[in-house]
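Report on the following structure.
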Amino acid sequence: MPPAHGAHGVHDVIVIGLGGMGSAAADHLAARGARVLGLERFGPAHHQGSSHGGSRIVRQTYFEGTAYVPLLLRSYELFERLERATGRDLSLLCGGLVIGDPEGPMVRGSLRAAEDFGLPHELLTAGEVRRRYPTLTPGEDLAAVFEPRAGLVRPEETVTAQLERATAAGADLRFHEPVTGWAELPGGAGVRVTTAAGTYTAGHLVICPGAWAPRLLADLGLPLTVERQIMYWFEPEGGTGPYLPERHPVYLWDGADGPGGHDDRTLYGFPAIDGPGGGAKVAFYRQGEPTTADTVDRAVRPEEAAEIADHAAPRLPTLAGRLLRAVTCLYTSTPDDDFVIARHPAHASVSVACGFSGHGFKFVPVVGEILADLALTGATAHPIDLFSPARFAAS
Ligand SMILES: Cc1cc2nc3c(=O)[nH]c(=O)nc-3n(C[C@H](O)[C@H](O)[C@H](O)COP(=O)(O)OP(=O)(O)OC[C@H]3O[C@@H](n4cnc5c(N)ncnc54)[C@H](O)[C@@H]3O)c2cc1C
């Protein structure tokens, strides 16, 4: 049951943080008739958190764990619906490759998810990859799982679409209004949220703080690490032609193998989706510098760009021509890289979503649906036991 209208002034649910997850929560809550107040410290679809940079990989043959696959199936449906409802160009399913040791966790895990859920896929030899995608030059000892329904979604467009739809359904979304504190009212009778501009009450609070979780959810004591990550756009030598999405997939390349020598950094990248001068985007997966959301160094050092160019050179020899731009972004990771999505263990009027560990964007709309379930009914039919904060209680 939604909280009774009128019990807490004009809002049933307050959402803190209107990035990827919070904009999705606002969208789903407003669509179900809840009166939503959204509070965001920056502007709409800003570039200070974790949901910017033009593209995010989406895939369903999930080597991270088959438990994620049902959520991904639903997420794809919800992305499609959002795209249709708003007329925005949110996704591009150009196909995706996971390249690595045929017996390694990325290739084996992708195959397991594909087989368990009957997902379309092909297992390719290195030679088949080189023939199909001449930009990629895996050595003979590697293999790849090709997933035709993998591709990318556009994070800023997605956040904007969700904010637009929430607003159209009556949500009151306030930007440049940082939350300074929150508390549950005595007897679990709702919540009070304080910002630089005022104090608000509501029946339920949804907290989606991204890299600010260590501050806004300090009471949970979660073992979160905030990492500085860098996205690079290079103008490929010889031009973007071979990298256009009609002929180039998204890719993840397990760094433990490959011709560049033994290096455990996984490389991932995208086709050239930003027009002739936009280049192709590439980045390292995980293992960024530890930082905090407020102190992160946004400047990218020349040696960092040189490191990724060197790593890419034996794998995609034409990719790292001229560096066009480099942008920092934040991962907020848990020790097991699984998310935290739950009712707050100590406060029944509060739900939380954080710790998306560098792989959360493809789940954005389904996380919005889950948070709306938790806020309005106290439970969800989606499988979220994996995401309980209780798993860290003993550590
Ligand atoms: C470089 C990079 C590449 C990635 N690649 C992929 C990928 O390919 N595929 C994939 O699925 N995922 C990927 N991810 C992960 C994914 O983007 C994140 O998991 C997701 O964006 C996290 O969303 P969020 O809502 O938790 O955080 P955010 O979108 O950052 O939202 C948190 C919001 O809370 C706001 N906030 C914080 N504190 C306050 C406060 N006190 N008051 C008001 N507002 C506040 C912030 O301003 C922010 O807007 C990537 C992440 C990065 C950084």
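Start at 1 and go down the list; that is how both ligands and their atoms are numbered.
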In ligand 1, the atoms that come under 4.0 Å of a heavy atom of K362 are 9 (N), 10 (C), 11 (O)

closest protein heavy atom to atom 9 (N) of ligand 1 is I57 O, 3.0 Å

Q) Between K362 and Y68, is any side-chain donor less than 3.5 angstrom from a side-chain acceptor? A) no

Does a donor on one side chain and an acceptor on the other come within less than 3.5 Å for S351 and H344?
no

One finds that the ligand 1 atoms under 4.0 Å from a non-hydrogen atom of G49 are 30 (O)

Open item on the list: Distance alone, cut at 3.5 Å: any donor-acceptor contact between the side chains of E237 and T318?
Closed with: no

For L39, the atoms of ligand 1 under 4.0 Å from one of its heavy atoms are 43 (C), 44 (N)

A student comparing R56, H359, H47 should find that the heavy atom closest to atom 6 (C) of ligand 1 comes from R56

query: Would you say the side chain of T135 lies within less than 4.5 Å of the side chain of Y243, judging by non-hydrogen atoms?
result: yes

If you measure only the distance, is there a donor-acceptor pair under 3.5 Å linking the side chains of S91 and E83? yes

Note to self: Measuring only between side-chain heavy atoms, which start at C-beta, is H47 closer than 4.5 Å to V327?
What the structure shows: no

Exercise for review: Verify the distance criterion only: is there a donor paired with an acceptor across the side chains of S55 and K281 at less than 3.5 Å?
Suggested key: yes

* Assess the side chains of T334 and D336: does a donor N or O sit below 3.5 Å from an acceptor N or O? => yes

In ligand 1, the atoms that come under 4.0 Å of a heavy atom of C208 are 32 (C), 33 (C), 34 (O)

Ligand 1 atoms nearer than 4.0 angstrom to some heavy atom of P209 are 32 (C), 34 (O), 37 (C)

Ranking G288, G20, C329 by closest non-hydrogen atom to atom 52 (C) of ligand 1, top hit is C329

Ranked by distance from atom 36 (N) of ligand 1, the top protein heavy atom is R41 CD, 3.8 Å

One finds that the ligand 1 atoms under 4.0 Å from a non-hydrogen atom of P178 are 42 (N)

Q. Below 3.5 angstrom, do we get any N/O pair linking M21 and ligand 1?
A. yes

D172 and R174 have their tightest heavy-atom pair at OD2-NH2, 2.6 Å

Under 4.0 Å from one or more heavy atoms of G358, ligand 1 contributes atoms 6 (C), 12 (N), 13 (C), 14 (N), 15 (C), 50 (C)

Atoms of ligand 1 under 4.0 Å from any heavy atom of S51, numbered from 1 in the order shown, are 20 (C), 21 (O), 23 (O), 28 (P), 29 (O)

